[in-house]
Asker: 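So that we are looking at the same thing, I have put the structure below in structure tokens.
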2 protein chains.
Amino acid sequence: MTTEPQAGAKALRPARTNATRQKLFDASMELIGERGAANVTVDEIAAAAGVSKGTVYYNFGSKSELIAQLLRHGVDILKARLLDAADGRDGRDPLLAMEAMIGQAMDFMAEYPSFARLWVSENWRIPSEWQGTFSVLRGELLEVIAQAVESVAAAYPVDDSVSRGSLETAIFGACFVVGLDRQTYNPERTRDQSVAAIMAIMRGYVLKEAAPRG
Amino acid sequence: MTTEPQAGAKALRPARTNATRQKLFDASMELIGERGAANVTVDEIAAAAGVSKGTVYYNFGSKSELIAQLLRHGVDILKARLLDAADGRDGRDPLLAMEAMIGQAMDFMAEYPSFARLWVSENWRIPSEWQGTFSVLRGELLEVIAQAVESVAAAYPVDDSVSRGSLETAIFGACFVVGLDRQTYNPERTRDQSVAAIMAIMRGYVLKEAAPRG
DNA sequence: CTAACCAAACTGACCGGTCAGTTCAAATAA
DNA sequence: TTATTTGAACTGACCGGTCAGTTTGGTTAG
């Protein structure tokens, strides 16, 4: 195996390395998102990143590990945005916070469509090479959604016959699919239309138009 | 290229051929759904079907064409079920018909999880080998959903600010994702929970609890 | 009845090419 | 000095597609 840089010492790593890793993330996100992990070669990724093949193995050790870290990278970005959207509305109407989060999700899908494609392509495989990675990352994202749903349920009367978990999954899934479909098949649809369609789930969950904190 | 059987003469083809094609559909649906189209070899498919590799090429001409016909095959089954669920409730409450359809979709996902995985894995790739196939099949399925939504909109007051297309896409996507998630991560969730979560979209779309044909 | 015949269906060894992963000496930054 | 990158060569496994030959089931001729 090639000599890897100290894996845990991200902070100590020189800027050059981080720049290289970023270039590799960008290049592989694009290629893998479009054509699928199995249909992209390491040589292609290296070339697209303007880097040699050896550098890929020096930095990541394997193609599989590169992809695992790519997934983690993308989720970190998405999570940060969702939390930011929620925090920005702290103390306000939880339904508006939810709407802001879904809007952020749509923006993310528009900005990183390849990440979304990679996610849906590999997420439900069994057993996947990245099963553990997906399990953890999926949990983190659902946690963010769960918090937002919880806030809504605390402020509004909701339909308790609907299972929280299933509801969160439906929102999660609808975000990915609506976002991806807009990219692929219906570019004419607006961000707001997409958000409104997904928000229908929440309007169906909340029982009546009671005022928040009612 | 190997000599293919007359493509249009399905009726004339001996039973042996149709049996072979069915075995190949079953085997490849399973393998490709689990591991992805690119990670399954034609040899494996042939072996799993209890048939030689040459037979695959005799019947389908290429791996790509096998998968295209596999997609068509699965959609035919799903469409038939959805239409059946809708027809079975003809003249009744369109919301109940919708609920029946979503229930059928859940059943389908449970029975053919591999098809659902194949679909989400390859659907949003650009450009995909099966782009044309997906475009057509996606349109057919959305058409069925659109009809059901139309019936609801005709019988109930609905939120016209929500774009029909986006709504249908959200339902479509939620069905796949909720169904797959149940298979992969949450087998303890019941069919009814899943249906209820997806139906929240419709309850959010309908304005009040007006009686049908109001 | 049955032997000869035929085309469709099927077989599986084989070929040409591809790719992930490895290695390493030389170059280049910090 | 030391960490990082380069570039090119190499390997060994794997895979899609091909093709010459075999089996099967039915039809026809004698």
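Throughout, a chain's letter reflects where its sequence line sits, starting with A, and its residues are numbered from 1.
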Asker: Got a sec, which residues hit side chain to side chain contact (heavy atoms under 4.5 Å, CB included) with S52(A), two or more places apart in sequence or on another chain?
Answerer: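 Per chain and number, S52(A) pairs via side chain to side chain contact (heavy atoms under 4.5 Å, CB included) with T55(A).
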Asker: In this structure, how many angstroms lie between the P atom of dC10(C) and the CD1 atom of I45(B), rounded?
Answerer: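 Going from I45(B) (CD1) to dC10(C) (P), I get 16 Å.
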Asker: Does a salt bridge link E44(A) with R35(A), judged by any charged N lying under 4.0 Å from a carboxylate O?
Answerer: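 Between R35(A) and E44(A) there is a salt bridge, with a charged N closer than 4.0 Å to a carboxylate O.
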Asker: Quickly work out the I67(B) CD1 to dC15(D) C1' distance and round it to whole Å.
Answerer: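 So the two atoms are 14 Å apart, to the nearest Å.
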Asker: Rounding to a whole Å, what distance do you find between F60(A):CZ and dG21(C):P?
Answerer: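 Atom-to-atom, F60(A) to dG21(C), this comes out as 14 Å.
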Asker: In whole Å, I'd like the distance from the CG atom of L24(A) to the C1' atom of dT4(D).
Answerer: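 About 13 Å, once rounded to whole Å.
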Asker: According to side chain to side chain contact (heavy atoms under 4.5 Å, CB included), who are the partners of S151(B), at least two apart in sequence or on a separate chain?
Answerer: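 P94(B).
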Asker: Is there a side-chain polar atom (N or O) of N59(A) under 4.0 Å from OP1 or OP2 of dT5(D)?
Answerer: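 Checking dT5(D) against N59(A), a side-chain N or O does come within under 4.0 Å of OP1 or OP2.
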Asker: Could you work out, with side chain to side chain donor-acceptor pair (under 3.5 Å) as the rule, every residue matching Q131(B), not counting sequence neighbours?
Answerer: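 With sequence neighbours excluded, Q131(B) shows a side chain to side chain donor-acceptor pair (under 3.5 Å) to no residue whatsoever.
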Asker: Would you jot down, in residue-number order, the residues of residues 36-44 of chain A having a non-hydrogen atom under 4.0 Å from DNA chain C?
Answerer: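 Heavy-atom contacts with DNA chain C come from V40(A), T41(A), V42(A).
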Asker: To the nearest Å, how far apart are K63(A) NZ and dG21(C) P?
Answerer: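 These atoms are roughly 7 Å apart.
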Asker: Sequence neighbours excluded, which residues qualify as side chain to side chain donor-acceptor pair (under 3.5 Å) partners of W124(B)?
Answerer: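 Checked W124(B) against side chain to side chain donor-acceptor pair (under 3.5 Å); matches are D181(A).
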Asker: What ring pair (Phe, Tyr, Trp, His ring centres under 6.0 Å) pairs are there with at least one residue in residues 179-202 of chain B, not counting sequence neighbours?
Answerer: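 Output for this query is empty, none listed.
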Asker: Can you list, pair by pair, the side-chain donor-acceptor contacts under 3.5 Å of residues 105-116 of chain B, counting residues two or more places apart and other chains?
Answerer:
| unit_1 | atom_1 | unit_2 | atom_2 | d |
| --- | --- | --- | --- | --- |
| D107(B) | OD1 | R191(B) | NH1 | 2.9 |
| D107(B) | OD2 | R191(B) | NH1 | 2.5 |
| E111(B) | OE1 | R81(B) | NH1 | 3.2 |
| E111(B) | OE1 | R81(B) | NH2 | 2.8 |
| E111(B) | OE2 | R81(B) | NH2 | 3.4 |

Asker: The criterion is salt bridge (Lys or Arg N to Asp or Glu O under 4.0 Å); which residues satisfy it with E143(A), sequence neighbours excluded?
Answerer: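 Once residues adjacent in sequence are excluded, E143(A) has no partner under the salt bridge (Lys or Arg N to Asp or Glu O under 4.0 Å) criterion.
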Asker: Between P on dA13(C) and OH on Y57(B), what's the gap in Å once rounded to a whole number?
Answerer: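 For the pair Y57(B) OH and dA13(C) P, the rounded distance is 16 Å.
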Asker: Roughly, in whole Å, what's the span from CD in E65(A) to C1' in dG21(C)?
Answerer: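 Atom-to-atom, E65(A) to dG21(C), this comes out as 15 Å.
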Asker: Taking only Lys NZ, Arg NE, NH1 and NH2, and the carboxylate oxygens of Asp or Glu, determine whether E188(B) and R182(B) approach each other closer than 4.0 Å.
Answerer: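 So E188(B) does not pair with R182(B) through a salt bridge.
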Asker: Output a table of nitrogen or oxygen pairs between the protein and nucleotides 6-12 of chain D separated by less than 3.5 Å.
Answerer:
| unit_1 | atom_1 | unit_2 | atom_2 | d |
| --- | --- | --- | --- | --- |
| dT6(D) | OP2 | S52(A) | N | 3.1 |
| dT6(D) | OP2 | T55(A) | OG1 | 2.5 |

